[in-house]
Amino acid sequence: MERPTRGPPEARSPVMQMEFSSATFNDPMLTTAIVEAVPDLSVDVPRGQQRPQSLSEDGVPLWTVEVMQEVTEFGRRRTDVFNVRVPSPQRPVLAAGPVRFKDLRATVSTRVQRQGSGRDSRITGVNEAIYWDAQAVEPIRQASDKGAA
């Protein structure tokens with residue numbers, strides 16, 4: 001029978017864990033109606049000049065749609081605001097309200113900061129970032145909108 005690993009966190013092998021509920025990917029989210037072009041950071045431009053817009057692999061302009069969702073952390077509810085990157089030939093026009101993303105995907109990037117080298121190195125910090133992408137975004141029509149159409 002194996003014994004559980006004990007000791008201080010830095011002595012154990014680091015485990016990075018990020019949990020998302022299925023509701024994160026399936027339920028509608030609320031947009032703040034803020035949609036911005038994604039700047040192409042791979043292009044050098046003179047200081048003060050605007051960067052060109054990033055394009056998808058298919059050559060379609062990329063946009064970020066700001067959304068918010070209620071999350072529960074450590075038993076407390078709060079609102080999480082984040083951006084989802086979507087390709088669209090034209091700027092998506094969205095009113096504040098519920099939207100649904102097609103093929104929503106989260107990519108977690110973890111950067112471990114170390115001090116020293118070799119056996120003397122130690123972890124001094126961990127930064128995690130979540131990048132959200134989707135194939136498309138569409139507003140969800142509410143019951144009052146259906147009657148007006």
Side-chain angles (χ1 to χ4, degrees), residues 4-5 8-116 121-149:
T5 305
E10 56 273 1
R12 291 182 249 143
S13 60
V15 175
M16 305 299 173
Q17 183 175 350
M18 187 77 52
E19 292 183 20
F20 300 101
S21 71
S22 61
T24 302
F25 297 97
N26 300 322
D27 287 356
M29 296 183 187
L30 293 174
T31 181
T32 62
I34 296 174
V35 178
E36 299 288 336
V38 175
D40 188 348
L41 300 177
S42 67
V43 176
D44 289 330
V45 296
R47 188 177 193 147
Q49 200 173 55
Q50 187 174 358
R51 292 185 181 277
Q53 186 171 2
S54 251
L55 302 176
S56 70
E57 293 172 355
D58 301 328
V60 179
L62 292 172
W63 306 90
T64 58
V65 177
E66 187 178 78
V67 294
M68 55 187 169
Q69 186 177 46
E70 183 181 293
V71 294
T72 302
E73 287 182 340
F74 306 106
R76 299 186 72 191
R77 292 181 353 189
R78 67 176 181 83
T79 302
D80 195 11
V81 179
F82 54 95
N83 291 313
V84 178
R85 191 172 65 170
V86 294
S88 179
Q90 296 179 341
R91 177 188 207 107
V93 178
L94 301 167
V99 294
R100 188 174 311 276
F101 291 98
K102 178 182 178 194
D103 298 330
L104 182 63
R105 180 179 71 145
T107 304
V108 180
S109 171
T110 303
R111 174 175 280 161
V112 178
Q113 299 165 343
R114 297 180 184 272
Q115 188 174 32
S121 73
R122 66 173 201 238
I123 296 174
T124 59
V126 177
N127 295 327
E128 292 181 335
I130 304 171
Y131 300 95
W132 296 91
D133 295 286
Q135 292 301 311
V137 60
E138 63 181 28
I140 296 175
R141 301 189 83 174
Q142 297 176 353
S144 60
D145 293 342
K146 291 179 184 174

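- Nearest heavy-atom pair across Val99 and Pro139 is CG1-CA, 4.0 Å.
- To the nearest 0.5 Å, atoms CG (Leu30) and CD (Gln69) are separated by 9.0 Å.
- Note that the CZ atom of Arg100 and the CE atom of Met29 stand 10.0 Å from one another [nearest 0.5 Å].
- A donor-acceptor pair under 3.5 Å is formed between the side chain of Arg51 and the backbone N or O of Val43.
- More than 12 heavy atoms of other shown residues, nucleotides or ligands fall within 6.0 angstrom of atom CD in Gln113.
- The CZ atom of Phe101 sits 12.5 Å away from the CD atom of Gln135 when rounded to the nearest 0.5 Å.
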For residues 78-85, run the donor-acceptor check on the side chains, cut-off 3.5 Å, and write out each pair with its distance to 0.1 Å, sequence neighbours left out.
unit_1: Arg78; atom_1: NE; unit_2: Glu73; atom_2: OE1; d: 3.1
unit_1: Arg78; atom_1: NH2; unit_2: Glu73; atom_2: OE1; d: 3.3
unit_1: Arg78; atom_1: NH2; unit_2: Glu73; atom_2: OE2; d: 3.1
unit_1: Arg85; atom_1: NE; unit_2: Asp133; atom_2: OD1; d: 2.8
unit_1: Arg85; atom_1: NH2; unit_2: Asp133; atom_2: OD1; d: 2.9

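- Taking all atoms of both residues into account, the shortest heavy-atom contact from Pro89 to Val60 is N-CG1, 3.7 Å.
- To the nearest 0.5 angstrom, Arg141 atom CZ is 11.5 Å from Glu138 atom CD.
- Here the shortest heavy-atom pairing between Ser42 and Asp40 reads OG-OD1, 2.6 Å.
- Rounded to the nearest 0.5 angstrom, Asn127 CG and Thr110 OG1 are separated by 9.0 Å.
- The backbone N or O of Ser88 lies less than 3.5 Å from a partner atom in the side chain of Trp63, making a donor-acceptor pair.
- Shown here for Ala33 and Ala95, the closest heavy-atom pair between the two residues is CB-C, 4.0 Å.
- Results of the side-chain contact (heavy atoms from CB on, under 4.5 Å) test with Pro61 over Val86, Val38, Leu55 single out Leu55 as the only residue that passes.
- Residues Arg122 and Thr124 have side chains in contact (heavy-atom distance under 4.5 Å, counting atoms from C-beta outward).
- Of all the heavy atoms in Val45 and Pro52, the pair that sits closest is CG1-CD, 4.1 Å.
- In plain terms, the two heavy atoms of Ser54 and Pro39 that are nearest each other are OG-O, 3.6 Å.
- Surrounding CD of Gln49 are more than 12 heavy atoms belonging to other residues, nucleotides or ligands, all under 6.0 Å away.
- The backbone N or O of Ala129 sits nowhere less than 3.5 Å from a side-chain atom of Ser109 that would complete a donor-acceptor pair.
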